[in-house]
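Because only heavy atoms are used, hydrogens play no part in the values below, and waters and symmetry mates are left out as well, while side chains stay in. Protein chains get the first letters and strands the later ones, always in sequence-line order, with residue 1 at the start of each.
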Amino acid sequence: MIPGQFVYHRPSSVAEAVGLLASLGEEARPLAGGHSLIPMMKLRMASPEHLVDLGGLADLKGVREEAGSIVIGATTTQAELIKSDLLANRLPIIRETALLIADPQIRTKGTIGGNVANGDPGNDMPGVMQCLAADYVLTSPAGERVVAARDFYQGAYFTALEAGELLTALRVPVPPAGHGFAYEKLKRKVGDYATAAAAVILTMNGGTVATCSIALTNVAPTPLFAEAASRLVVGTSLDAATVKAAAEAAKAIADPATDGRGTAEYRREMAGVMVARALAKAESRAKGT
Amino acid sequence: MDMSEIDTIPVTVTVNGRKVQRFVEPRTLLIHFLREELNLTGAHIGCETSHCGACTVEIDGQSVKSCTMFAVQADGSAVTTVEGLANPDGTLHALQEGFRQMHGLQCGYCTPGMLMRAKVLLSENPDPTEAEIRHGIAGNLCRCTGYQNIVKAIQYAAAKLNGREFQEAAE
Ligand SMILES: Cc1cc2nc3c(=O)[nH]c(=O)nc-3n(C[C@H](O)[C@H](O)[C@H](O)COP(=O)(O)OP(=O)(O)OC[C@H]3O[C@@H](n4cnc5c(N)ncnc54)[C@H](O)[C@@H]3O)c2cc1C
Ligand code: FES
Ligand code: FES
């Protein structure tokens with residue numbers, strides 16, 4: 001399996017990269033880690049005439065803290081996310097999620113920018129970014145604009161990204177120290193996309209949930225921020241009835257397809273199970289138990 | 001666009017310590033560059049779909065699946081394949097010795113990828129637990145061994161590299 005032909009470009013600055021993308025238009029695509037794009041090119045599900053390799057853009061790499069947010073450069077690899085002490089301390093859900101993506105070799109190459117820009121509902125980071133209320137910084141020759149992860153996804157492989165735009169960074173607000181978190185992913189085997197997965201971030205005040213945010217992966221054409229489910233648990237002690245109601249609210253917005261991972265009915269049910277498990281794990285972490 | 005006009009471009013890579021340059025089409029995958037341009041057929045092609053890990057090589061100290069990377073992306077890098085694994089004096093690397101002593105292979109198809117993955121695993125985590133070894137080779141499939149002896153082979157190598165003797169026998 002060999003990808004189709006293309007012209008290769010390796011810009012050395014972000015300005016040069018967005019200039020190329022803007023002038024080449026729809027026929028050009030950025031190449032980040034290539035671990036979604038190259039498989040799609042082998043299958044002729046993608047046949048770009050030009051690839052703009054982001055590998056030479058040192059500015060797009062790295063994790064830093066900036067005014068209450070963590071800023072992650074788009075070409076930071078999943079392996080680098082796992083190794084980042086800053087993320088382990090401030091946003092441990094990102095490390096937990098990265099470890100559930102594919103396998104070590106794929107994590108060497110795969111980038112967070114490619115993972116969230118790709119638009120494949122199977123990707124794990126988009127739901128986590130919706131859970132965290134992250135923003136994406138999109139750069140074009142006209143300048144920068146910011147789109148919330150919760151507004152970015154329009155359909156399978158359809159996003160707010162315009163031709164000629166590059167996703168250059170993710171800005172993630174830092175949840176309070178001691179927050180509870182969990183990413184629960186049901187998969188058939190290592191390296192599989194989720195049958196269903198749920199992300200939870202919550203804070204507790206005494207025995208009561210003060211804030212909560214829940215999002216779902218791969219149970220609809222886009223990731224889903226489960227707003228009603230999130231709201232429902234705030235002010236409760238996460239008693240069994242509340243957890244059940246939150247799982248039901250999440251299932252109500254899920255719209256999975258029947259595929260090799262199971263029937264639509266089964267996958268919707270599993271979305272509820274993942275929400276319940278993620279809430280339980282996040283609660284026990286918030287309580288330090 | 002007339003694709004027949006696409007030029008080959010130069011790729012310079014240090015492979016197993018030797019600097020090489022070739023002109024290739026941009027779409028040339030690293031595995032084909034290694035096997036067909038450089039005649040290094042140690043890295044195998046199993047699935048071509050980024051799943052099996054038979055094509056695993058080391059690039060700048062990290063493991064990659066060379067079927068899912070263009071050769072041009074490796075420009076300027078140092079690549080090590082299984083051909084470059086043995087010690088400079090020609091004796092077997094501790095991992096190769098481990099696979100031999102512990103019967104870590106049957107047909108051998110997955111072995112070059114397993115060896116190269118295990119090399120990076122031990123460089124990052126010189127004394128891994130059994131669970132860490134199993135997670136570390138999660139991207140490498142073996143149809144023959146059931147993994148048991150591959151894990152032991154890696155434990156053997158870790159022990160040897162840490163100056164210990166590995167006790168357990170092969171199954
Ligand atoms: C066997 C296998 C299993 C996998 N399992 C999982 C899994 O369980 N969960 C998961 O989330 N992922 C999984 N992946 C996908 C992997 O995480 C990819 O690396 C990731 O989805 C894409 O990142 P990339 O850097 O490789 O992007 P690329 O493949 O280079 O790009 C993907 C798409 O995004 C565009 N793009 C890339 N970067 C940018 C940018 N900065 N701005 C704008 N557009 C951009 C590209 O043009 C392309 O259209 C798997 C992949 C494989 C091969
Ligand atoms: S041939 Fe590359 S992963 Fe199977
Ligand atoms: S020894 Fe045959 S595939 Fe592993």
*Working for side-chain contact (heavy atoms from CB on, under 4.5 Å), residues Leu51(A) and Gln73(B)*: CA-CA 11 Å; Leu51(A) 286 188; Gln73(B) 290 177 279; over 6 Å; no

_Tell me whether the count of non-hydrogen atoms from other residues, nucleotides or ligands lying under 6.0 Å of CZ in Arg277(A) goes above 12._
no

*Has Arg143(B) got more than 12 heavy atoms of other residues, nucleotides or ligands less than 6.0 Å from its CZ?*
no

*Does a side-chain heavy-atom distance below 4.5 Å link Leu29(B) with Lys42(A)?*
yes

*Near Arg188(A) CZ, under 6.0 Å, is it more than 12 heavy atoms from other residues, nucleotides or ligands?*
yes

*Thr108(A) side chain to Val64(B) main-chain N or O, any donor-acceptor pair under 3.5 Å?*
no

*So which heavy atom on Arg10(A) is nearest to which on Val72(B), and how close?*
NH2-O, 2.9 Å

*asked:* Does atom NZ (Lys19(B)) have a neighbourhood of more than 12 heavy atoms from anything else shown, all under 6.0 Å?
replied: no

*Distance in Å, Asp53(A) CG paired with Phe70(B) CZ, rounded so as to fall on 0.5 Å steps*: 9.5 Å

_Can you confirm whether Ser50(B) sits close enough to Pro39(A) that some side-chain heavy atom of one is under 4.5 Å from a side-chain heavy atom of the other?_
yes

*Could you tell me the separation between the OG1 atom of Thr68(B) and the CG atom of Leu37(A), rounded to the nearest 0.5 Å?*
11.5 Å

*Check: Ile2(A) and His32(B) side chains under 4.5 Å, non-hydrogen atoms*: yes

*Would you indicate whether Arg44(A), at its atom CZ, is surrounded by more than 12 heavy atoms from other residues, nucleotides or ligands within a distance under 6.0 Å?*
yes

_Can you tell me how far apart CD (Gln5(A)) and CZ (Arg27(B)) are? Round to the nearest 0.5 Å._
4.5 Å

*Of the backbone (N, CA, C, O) and the side chain (C-beta and beyond), which part of Glu58(B) lies under 4.5 Å from a heavy atom of chain A, both, or neither?*
neither

*With the side chain counted from C-beta on, respond yes when Glu25(B) and Tyr8(A) share a heavy-atom pair under 4.5 Å apart, and no when they do not.*
no

*asked:* Please classify the contact of Thr56(B) with chain A as side chain, backbone, both or neither, using a heavy-atom distance under 4.5 Å.
replied: side chain

*Sort Arg107(A) into side chain, backbone, both or neither according to what part of it lies under 4.5 angstrom from a heavy atom of chain B.*
neither

_Please check: side-chain N/O of Arg117(B) versus main-chain N/O of Gln105(A), any donor-acceptor pairing under 3.5 Å?_
no

*Side-chain donor or acceptor of Lys65(B) paired with backbone N/O of His35(A) under 3.5 Å*: no

*Who in residues 11-33 of chain A is close to chain B, using a strict under-4.5 Å heavy-atom cut-off?*
Leu31(A), Ala32(A), Gly33(A)

*Can you say whether Cys55(B) sits under 4.5 Å from chain A via the side chain, the backbone, both, or neither, judging by heavy atoms?*
neither

*Contacts with chain B made by residues 82-97 of chain A (heavy-atom distance under 4.5 Å), listed by residue number*: Lys83(A)

